[in-house]
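Each remark here refers to the structure printed beneath this line.
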Amino acid sequence: MAEGSVVIVLGIETSCDETAVGIVEDRLTLRANVIASQVDLHAPYGGVVPEVAARAHLQQLLPTIDHALVEAGVGISDVDAIAVTHGPGLIGALLVGVAAAKGLALAHDLPLIGVNHLRAHVEVAQLEHGDLEFPLAALVVSGGHTSIVAADAEGGFRQLGATIDDAAGEAFDKIARFMGLGYPGGPEIDRLARSGNPKAFHFPRAMAKNPGYDVSLSGLKTAVVRELRRLEAAGIEPNLADVAASFQEAIVDVQVDKTLAAAKDQGLERLVMAGGVAANTRLRSMMAERCEQVGVQLTVPSIPLCTDNGAMVAAAGSNLFAAGRTSALDLAVDPGLPLAG
Ligand code: KG4
Ligand code: ZN
């Protein structure tokens with residue numbers, strides 16, 4: 001610990017398409033957050049190509065680590081532990097981060113800490129809002145996940161519900177592609193929806209009335225595609241802003257309803273919303289309004305900490321390190337890593 005008594009954790013994130021490294025001091029202070037985005041590499045395909053992602057991580061990770069150390073103004077000798085996402089995510093992409101983290105830990109005789117990507121999306125909130133108060137509910141919505149989560153008073157996480165088909169971000173990206181918009185599609189739909197009427201089309205809210213907290217978005221996706229094809233066949237030029245706004249309203253409605261139902265049933269009065277889709281303007285505003293109505297205290301990280309980043313891994317890793325929960329050097333990657341534990 002070259003920097004006096006502070007504890008510095010470096011976090012590596014390579015579970016999907018962002019090569020990201022964050023550095024956190026004493027669990028709550030962000031020192032660096034560097035992201036080498038691969039968006040341009042995947043854009044021609046309209047989605048993440050796993051092999052392309054793994055190769056780009058391999059090329060970009062070491063320079064990104066160096067960049068983060070410079071941004072934090074520390075050397076590797078000041079770092080106290082190496083945290084890394086070991087799941088869930090794309091196997092090849094995860095392997096690059098975990099192999100690099102093991103190499104660093106071994107070379108510099110540092111503890112290694114395996115981090116769950118979903119937990120990290122939630123725990124990053126502590127960097128902007130201070131220590132999270134437990135118990136709480138969480139909604140993690142991203143390109144790979146729609147997860148409704150409960151954390152108990154001791155901070156133990158458990159999944160209450162999830163998508164049974166497409167993750168929210170995946171549905172945004174697929175519909176955007178069908179509409180001829182750019183990639184990633186979420187921000188494009190968000191932008192277009194601002195000038196549209198969310199009531200112009202009534203798209204289905206699947207499973208809204210079902211018990212439980214799982215959600216399904218494939219029926220909604222099909223309904224949007226069918227409507228666009230129907231209009232085209234009838235020679236009617238669709239108002240794409242109206243389609244985007246109505247589709248977005250349906251997705252957001254489902255996420256908000258299911259999350260607040262879960263929070264209410266579990267008696268949880270605090271909610272953290274995170275993940276790339278938590279950047280969505282309408283999701284942020286509807287969730288804030290509805291939480292206010294039912295007396296749930298909502299915490300949402302700023303947008304750079306909502307999308308995949310290294311700071312979240314460093315924050316979650318700092319918590320595990322403080323609790324003495326380090327990993328062995330044979331830490332395995334787990335593409336389907338469960339949330340519990
Ligand atoms: O968390 P994230 O950066 O990566 C994954 O773990 O997947 O989330 C990326 C996803 C993409 O599907 C993207 O379209 C979506 O988040 N997204 C949005 C918005 N910004 C990003 N979706 C809706 N509205 C947005 N403003
Ligand atoms: Zn993510």
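Residue numbers run from 1 in the order of the sequence given. Counting starts at 1 for both ligands and their atoms, in listed order. When reading the values below, keep in mind they use all heavy atoms of this one structure, side chains included, and skip hydrogens, waters and symmetry mates. Source: prediction; values computed, not measured.
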Give the residue, atom name and distance (to 0.1 Å) of the protein heavy atom nearest [atom].
atom: atom 24 (N) of ligand 1; result: Asn280 ND2, 3.0 Å
atom: atom 11 (C) of ligand 1; result: Asp173 OD2, 3.6 Å
atom: atom 4 (O) of ligand 1; result: Asp308 OD2, 3.1 Å
atom: atom 15 (C) of ligand 1; result: Val277 CG2, 3.9 Å

Nearest to the Zn ion (ligand 2) - the N/O/S atom of Asp308, by atom name: OD1
Is the shortest N/O to N/O distance between [X] and ligand 1 below 3.5 Å?
X: Thr281; answer: no
X: Gly143; answer: yes
X: Cys16; answer: no
X: Glu170; answer: no

For ligand 1, the portion of His121 having any non-hydrogen atom under 4.0 Å away: side chain
Location of contacts on Asp190 toward ligand 1, heavy atoms closer than 4.0 Å: side chain
Under 3.5 Å: donor-acceptor pair, side chain of Asp173, backbone of Gly185: yes
Test item: His121 side-chain N/O and Val140 main-chain N/O as donor-acceptor pair under 3.5 Å: no
Against heavy atoms of [X], which atoms of ligand 1 measure under 4.0 Å?
X: Ala279; answer: 20 (N), 26 (N)
X: Gly169; answer: 12 (O)
X: Gly144; answer: 7 (O)
X: Ser142; answer: 1 (O), 5 (C), 6 (O), 7 (O), 8 (O)

Under 2.8 Å: N/O/S of His117 next to the Zn ion (ligand 2): yes
Any luck finding a side-chain donor-acceptor pair between [X] and [Y] under 3.5 Å?
X: Glu128; Y: Ser302; result: yes
X: Asn280; Y: Gln248; result: yes
X: Asp166; Y: Ser218; result: no
X: Arg284; Y: Thr281; result: no
X: Asn319; Y: Glu123; result: yes
X: Arg158; Y: Gln266; result: yes

Whether His117 and His145 hold their rings parallel, tilted or perpendicular, with breakpoints at 30° and 60°: tilted
Best match, Gly276, Gly186, Ala278: closest heavy atom to atom 21 (C) of ligand 1: Gly276
For His57, the option from Thr14, Thr19, Thr64, Asp17 that meets side-chain hydrogen bond (donor to acceptor under 3.5 Å, both in side chains): Thr19
Within the 6.0 Å centroid threshold, strictly below: Phe247 and Phe201: no
4.0 Å heavy-atom contact, Gln248 with ligand 1: no
